[in-house]
Amino acid sequence: METQSYLVPLRPMTMVSFIASLDHAAPPGEISPYLKALWWDGKGNWQQAHDIIEHMDNDTAAWVHAYLHRKEGDRGNARYWYNRAGRSMPESTLDMEWTDIVTELIST
């Protein structure tokens, strides 16, 4: 008897599913390193988030890196990374910026 293999597409990540995944011990495997860094930050593990992002060299990584240093309270370092990302330091709260970054990364 011949068996057939069916590919089941992964459900697209949404903000709701991303936030729900914070209840797990590890981030979802199918997300980008940028989202993994933000996932660890969402879990309260700033260092793990920073360890993921600090050696990446592109505008998206710089944006996440900037956010992390802003959260750390190192505004000078954050300003440097926002400039590298081609962005201005936001006036919004850290929670709002986290949500904005996650939302943008999920939609791309």
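As the structure is a prediction and not an experimental result, all values here were calculated from the model.
One N or O on the side chain of T103 and one on the backbone of T99 form a donor-acceptor pair closer than 3.5 Å. Under a 3.5 Å cut-off, the side chain of K43 and the backbone N or O of H24 do form a donor-acceptor pair.
Cluster annotation: Y80 and L68 are assigned to distinct hydrophobic clusters (Ile/Leu/Val/Met/Phe/Trp/Tyr, side-chain heavy-atom contacts under 4.5 Å, transitive). Both L94 and V102 are assigned to one and the same hydrophobic cluster, defined by single-linkage of ILVMFWY side chains at heavy-atom distances under 4.5 Å. Under the 4.5 Å side-chain heavy-atom criterion for ILVMFWY residues, no single connected hydrophobic cluster contains both M96 and V64. Placement of I101 and W81 in two distinct hydrophobic clusters is found when ILVMFWY residues are connected by side-chain heavy-atom separations under 4.5 Å, directly or transitively.
Note that OG of S32 and CE of M13 are 9.5 Å apart. Values are rounded to the nearest 0.5 Å. Separating the CD1 atom in I19 from the OG1 atom in T14 is a distance of 8.5 Å, to the nearest 0.5 Å. Here the CE-CD distance, from M89 to E91, works out to 9.0 Å after rounding to the nearest 0.5 Å. Here R79 contributes atom CZ and S88 contributes atom OG; the two are 11.0 Å apart, rounded to the nearest 0.5 Å. The distance from atom CG of N45 to atom NE2 of H50, rounded to the nearest 0.5 Å, is 12.5 Å. Taken from CD1 in I31 to NZ in K36, the straight-line distance is 6.0 Å, to the nearest 0.5 Å.
With hydrogens and angles left out, the side-chain atoms of Y67 and D100 include no donor and acceptor closer than 3.5 Å. A donor and an acceptor atom, one from each side chain of W63 and D59, are nowhere located under 3.5 Å apart.
Counting heavy atoms from C-beta outward, E97 and K71 have side chains that stay 4.5 Å or more apart. Y34 places a side-chain heavy atom less than 4.5 Å from the side chain of M56. With a 4.5 Å cut-off on side-chain heavy atoms, H69 and W46 count as touching. For the pair Y82 and P90, the minimum side-chain heavy-atom distance is below 4.5 Å. Side-chain contact between D51 and W40 is absent, with no heavy atoms from C-beta onward closer than 4.5 Å.
Scored by the side-chain hydrogen bond (donor to acceptor under 3.5 Å, both in side chains) test, D57 finds R84 as partners (sequence neighbours excluded).
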